[in-house]
Student: 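Dropping the structure in here first, questions after.
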Amino acid sequence: MLQSARGGVPSSRVTPGLLRLPAIEAAPLLLGWIICRKTPAGTLKLRIVEVEAYHQNDPASHSYRGETKRAAPMFKAGGHIYVYFTYGMHYAINIVTGPAGRGEAVLLRAAEPLEGIEIMQQNRGLTDIKKLAAGPGRLAQALGITDTSLSGKILNKSSIFLEPPLEPVDTKDIVASPRIGISKNPDPLWRFYIKNSPYISRV
DNA sequence: CAGAAGATCATCT
DNA sequence: GATGATCTTCTGT
């Protein structure tokens with residue numbers, strides 16, 4: 001692809017190599033990375049503090065039943081975005097990982113607001129910074145996601161993209177916990193979060 | 001085409 | 001801890 005089609009930004013600069021890994025491996029590595037979005041009102045940035053890895057081998061995953069219309073973006077190559085709408089009112093943002101066809105993605109569950117906080121407060125209708133993005137639906141709302149038009153798009157500096165951690169996350173501060181599901185699933189879904197982060201909902 | 005469930009959240013007791 | 005909100009997506013008939 002021509003660089004001009006990406007605003008002069010090489011693909012390697014907008015799609016981190018870790019997104020070629022399976023979701024279970026990419027998920028904990030995404031902690032500390034910064035999710036960024038450019039909006040007409042300004043640029044929004046948040047540090048990822050909680051994620052969940054989805055793959056084809058658990059019935060709770062949208063990719064479990066194959067490539068449906070909604071979940072099709074999950075089967076694209078790592079670095080694509082998967083946005084879905086649920087409960088009649090909430091959006092959630094995923095980063096697709098792995099090679100095309102795997103059906104894996106990492107759900108962004110919570111993040112620490114860093115930049116564009118006033119805009120996020122307006123998007124959320126509240127001021128408490130700890131609650132701006134403490135949950136998948138809240139994070140999407142803070143970022144101004146009001147539809148699924150980003151679903152299937154690739155990470156891009158002009159819309160939504162990732163930046164590397166400002167400082168590395170200490171491995172000892174990462175907690176992993178399996179998602180409750182069908183018993184004896186040898187390959188469950190895993191949630192990863194930064195221990196003691198105040199930007200994670202305790203519910 | 002009907003029915004059910006949903007990768008959630010705000011609010012109330 | 002319990003409940004209502006609100007509507008898309010998928011499944012089975």
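Note that these values count all heavy atoms, side chains included, but never hydrogens, waters or copies made by symmetry. By convention in this document, chain letters (A, B, ...) are assigned in the order of the sequence lines, proteins followed by strands, and residues within each chain are numbered from 1.
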Student: For each nucleotide in nucleotides 6-13 of chain C, reading 5' to 3', give B when a protein heavy atom comes within less than 4.0 Å of its base, S when such contact involves only the sugar-phosphate, and - otherwise.
Tutor: BBSSSS--

Student: State, with a plain yes or no, whether a side-chain heavy atom of A:V106 is found less than 4.5 Å away from one of A:N94.
Tutor: no

Student: Provide the start and end nucleotides, 5' to 3', of the part of DNA chain B that has atoms under 4.0 Å from heavy atoms of chain A.
Tutor: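 With heavy atoms of chain A under 4.0 Å away, the range is B:dG6 to B:dA10.
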
Student: Just checking, is any N or O donor in the side chain of A:N185 or A:N57 under 3.5 Å from an acceptor N or O on the other one?
Tutor: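 Note: A:N185 and A:N57 side chains miss the donor-acceptor criterion.
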
Student: Can you find a heavy atom in the side chain of A:R102 that is under 4.5 Å from one in the side chain of A:P22?
Tutor: yes

Student: If we only count heavy atoms from C-beta on, is the A:V51 to A:L107 side-chain gap below 4.5 Å?
Tutor: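 No, too far: nothing below the 4.5 Å cut-off.
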
Student: Using the side chain to side chain contact (heavy atoms under 4.5 Å, CB included) definition, which of the options A:I145, A:D147, A:T146 pairs with A:S149?
Tutor: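 Going through A:I145, A:D147, A:T146 one by one, the side chain to side chain contact (heavy atoms under 4.5 Å, CB included) with A:S149 is satisfied by A:D147 alone.
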
Student: Run through DNA chain C and report every stem of 3 or more consecutive Watson-Crick or G-U pairs, distances under 3.5 Å, ordered by first number.
Tutor: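 Correct response: B:1-6 with C:7-12, B:8-12 with C:1-5.
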
Student: For DNA chain C, determine which residues of residues 123-136 of chain A have any heavy atom closer than 4.0 angstrom to one of its atoms, and list them numerically.
Tutor: none

Student: Mind checking ring pair (Phe, Tyr, Trp, His ring centres under 6.0 Å) for A:F85 and listing every partner two or more places apart, or none if nothing turns up?
Tutor: A:Y91

Student: Quick one: do A:I200 and A:I117 end up in the same hydrophobic cluster if we chain Ile, Leu, Val, Met, Phe, Trp and Tyr together by side-chain heavy atoms under 4.5 Å apart?
Tutor: yes

Student: If you apply the rule salt bridge (charged side-chain N to carboxylate O under 4.0 Å, His left out), what do you find for A:E52 with A:R191, and how did you get there?
Tutor: CA-CA 4 Å; A:E52 192 163 27; A:R191 186 170 63 97; 5.5 Å; no

Student: Would you say that A:I93 contacts A:I35 through its side chain, given a criterion of any heavy-atom pair below 4.5 Å between the two side chains?
Tutor: no

Student: Give one of base, sugar-phosphate or nothing for A:A92, where a contact means two heavy atoms less than 4.0 Å apart.
Tutor: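 The answer is nothing, as A:A92 stays clear of every strand by at least 4.0 Å.
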
Student: Please classify the nucleic acid contact of A:Y91 as base, sugar-phosphate, or nothing, using heavy-atom distances under 4.0 Å.
Tutor: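 Here A:Y91 touches no strand at all.
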
Student: How about A:K157 and A:C36: do any of their side-chain heavy atoms sit closer than 4.5 Å?
Tutor: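 Contact flag for A:K157/A:C36 side chains = no.
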
Student: Please name the pair of heavy atoms, one in A:N123 and one in A:Q141, separated by the smallest distance, quoted to 0.1 Å.
Tutor: CB-O, 3.2 Å

Student: Other than A:L166, what residues sit in its cluster of Ile, Leu, Val, Met, Phe, Trp and Tyr side chains whose heavy atoms are under 4.5 Å apart, directly or through others?
Tutor: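 Taking Ile, Leu, Val, Met, Phe, Trp and Tyr as members, A:L166 shares its hydrophobic cluster with A:I34, A:L114.
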
Student: What do you reckon, are the aromatic ring centroids of A:Y84 and A:H62 less than 6.0 Å apart?
Tutor: yes

